[in-house]
Number of protein chains: 2
Amino acid sequence: MAKLKVTYFNLPAFGEPIRLLLAYSGVEFEDVLIDPNNWLNLKPKTPFGQLPLYEENGKIINQSVAIMRYLGKKYKLIGADDWEDLEIDAMAETFRDFIIKIAMYHYEPNDSAKDKLKEPLYKETIPFYLERFEKSAKENGGYLAAKKLTWVDFFFASMIDYISLMGKLNIMENNPNLKVVYDNVMNLPAIKKWYEKYPLSLEFSKVWLESTRKPGKE
Amino acid sequence: MAKLKVTYFNLPAFGEPIRLLLAYSGVEFEDVLIDPNNWLNLKPKTPFGQLPLYEENGKIINQSVAIMRYLGKKYKLIGADDWEDLEIDAMAETFRDFIIKIAMYHYEPNDSAKDKLKEPLYKETIPFYLERFEKSAKENGGYLAAKKLTWVDFFFASMIDYISLMGKLNIMENNPNLKVVYDNVMNLPAIKKWYEKYPLSLEFSKVWLESTRKPGKE
């Protein structure tokens with residue numbers, strides 16, 4: 001049997017979709033959790049100075065979305081044809097853009113720059129994206145693309161609590177179809193079982209996000 | 001025959017790899033060039049407020065890397081198996097990260113923030129990435145991944161002049177294997193023919209980049 005290993009911080013964030021895709025498949029894998037305080041020692045030893053890393057039979061690779069797509073193919077969480085896969089890919093990239101915009105605000109070190117980012121982010125960017133994600137979820141019957149469960153739903157569901165915490169948002173409150181996407185992943189028996197066994201706590205994320213939150217006016 | 005359309009600014013940047021993949025395939029396509037000054041009028045009419053857009057038989061999609069991957073599949077510019085496709089995808093994402101780091105410096109509006117970014121970007125980040133790209137190009141025999149011509153080589157070759165201009169770099173000078181990647185794409189007969197017919201000038205890019213360059217000390 002293939003030997004699988006995931007290496008990421010001891011946080012949900014970009015490691016969590018990979019963990020959940022593997023949990024869904026039911027395969028055993030090594031879940032290596034890195035303390036962010038030890039990261040600078042490990043960084044130069046990684047292929048491109050980044051986590052997460054995915055290892056399969058001794059071959060190692062970086063880039064979370066690329067890894068999700070690979071696991072999606074492996075576990076039949078893809079579209080019916082190449083155009084549907086393109087729609088799934090485009091949705092994943094757009095969702096990542098959305099995350100990055102929130103993260104850039106969270107991590108902005110300069111007070112006045114952070115202040116300038118706030119209004120456009122909360123009044124324009126976030127509503128702009130959420131409206132479109134919600135529309136996609138509705139049109140695709142409770143999934144983000146391709147009218148079926150695919151790896152991009154795992155990406156969304158596994159990161160949304162973390163993003164909500166980071167952006168101080170309640171994303172699902174006013175977006176009932178996005179709540180369905182979330183539930184469609186989180187209510188899968190294999191995912192419920194995974195969280196019973198390994199409750200990677202959002203509490204730790206909260207401490208981490210607080211410790212990395214840059215001043216600004218919030 | 002499928003009706004194909006690409007919509008992007010009248011610049012190379014993220015539209016160029018898509019144009020070149022289509023040029024390589026030899027299919028006819030409509031190449032819609034948008035003046036950046038008209039962008040704010042068009043933006044609300046696009047699916048996620050972004051260019052490039054790709055249209056095929058009336059279906060429209062955003063996200064440049066997702067589109068490149070789709071065209072890569074269509075025109076047999078992919079790996080031999082799913083792991084190779086993962087390596088191609090990871091390389092593409094890493095190359096995009098690299099571009100974004102240079103663009104964030106170029107577009108940083110705050111003088112002192114830009115000043116702080118400069119040294120880590122030029123002394124650490126850029127050499128870190130280039131060393132690894134060069135190593136990949138060497139190991140893969142003049143291609144970035146999978147030891148053969150794939151869509152990620154089109155991504156690299158079609159954007160490197162633009163990035164060099166933006167970052168005031170000569171990326172290929174000290175990276176002979178990256179030069180081979182570039183030549184392997186640019187010397188393809190279909191690509192040579194494309195540029196003879198449609199010489200999308202780097203001169204315009206130069207004017208554009210100068211006009212968007214934020215002060216800082218350079």
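Just so it is clear: chains get the letters A, B, ... in the order the sequence lines come, proteins before strands, and each one is counted from 1. What's counted below: heavy atoms across the whole structure, side chains too, no hydrogens, waters or symmetry copies. It should be emphasised that the depicted structure is a prediction, and the values quoted were computed from it without experimental measurement.
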Contact part of B/Met68 toward chain A, heavy-atom cut-off under 4.5 Å: side chain, backbone, both or neither?
-> neither
Are A/Lys3 and A/Glu30 close enough for a salt bridge, meaning some N to O gap below 4.0 Å?
-> yes
Cation over ring, B/Arg132 on B/Phe128, under 6.0 Å and within 45°?
-> yes
Considering only heavy atoms and a distance below 4.5 Å, find which of A/Arg69, A/Met91, A/Glu87, A/Lys135 pairs most often with chain B.
-> A/Arg69
Check: B/Phe133 ring centre within less than 6.0 Å of B/Phe156 ring centre | no
Has the side chain of B/Asn140 got a donor or acceptor atom that lies under 3.5 Å from a matching backbone atom of B/Gly142?
-> no
Whatever's closer than 4.5 Å to a heavy atom in chain A on B/Ile60 counts as backbone
Can you tell me if A/Asn175 uses its side chain to pair, donor with acceptor, with the backbone of A/Met172 under 3.5 Å?
-> no
Just checking, A/Lys5 and A/Phe29: is the charged tip under 6.0 Å from the six-membered ring centre and within 45° of the axis?
-> no
Trace of the ring pair (Phe, Tyr, Trp, His ring centres under 6.0 Å) decision for B/Tyr24 with B/Tyr75 = CA-CA 8 Å; B/Tyr24 170 78; B/Tyr75 305 126; 7.4 Å; no
Region of B/Ala90 in contact with chain A, defined by heavy-atom distances below 4.5 Å = both
Structural part of B/Tyr70 lying under 4.5 Å from a heavy atom of chain A | side chain
Pick whichever of B/Ile67, B/Leu86, B/Asp89 has the most heavy-atom pairs under 4.5 Å with chain A.
-> B/Leu86
So, the part of B/Gln50 with a heavy atom under 4.5 Å from chain A: the answer is side chain
Answer key: most heavy-atom pairs under 4.5 Å with chain B among A/Lys74, A/Lys116, A/Arg96 is A/Arg96
Between A/Asp97, A/Ile88, A/Val65, the one whose heavy-atom pairs under 4.5 Å with chain B are most numerous | A/Asp97
Residue B/Lys59 versus chain A: region with a heavy atom under 4.5 Å | both
Do you know which of B/Asp85, B/Thr94, B/Asn62 has the most heavy-atom pairs with chain A at a distance under 4.5 angstrom?
-> B/Thr94
Honestly, is A/Lys101 close enough over A/Tyr129, meaning NZ or CZ under 6.0 Å from the six-membered ring centre and within 45° of the axis?
-> no
